[in-house]
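Taking it in order: structure first as structure tokens, then the write-up.
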Amino acid sequence: MDLMNSIASSAMSMSAASFAQSYDIAVTKKMMDTEELALQELTEMLPPSPYNFDVYA
């Protein structure tokens, strides 16, 4: 019976690790979306630049 408990324990810890990773990724994506919106708002608040140049990569 000890082997079954060990397998079940391993499965639960893998499931918990997978959930934690998925949660971390979701929080990171949400933070990136929020930062993108904040940067867009900041860009709109800035006065127009007197310098006009094009950059091609």
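From a predicted model like this one, the values you see are computed outputs, not experimental measurements.
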Atom pairs and distances, donor-acceptor, side-chain atoms in residues 8-24, under 3.5 Å, two or more places apart:
| unit_1 | atom_1 | unit_2 | atom_2 | d |
| --- | --- | --- | --- | --- |
| S10 | OG | S6 | O | 3.0 |
| S13 | OG | S9 | O | 3.3 |
| S13 | OG | S10 | O | 2.9 |
| S22 | OG | S18 | O | 3.1 |

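Distance CG/D33 to OG1/T28: 11.0 Å, rounded to 0.5 Å.
In this structure Q40 satisfies the side-chain contact (heavy atoms from CB on, under 4.5 Å) test together with E36, L37, sequence neighbours excluded.
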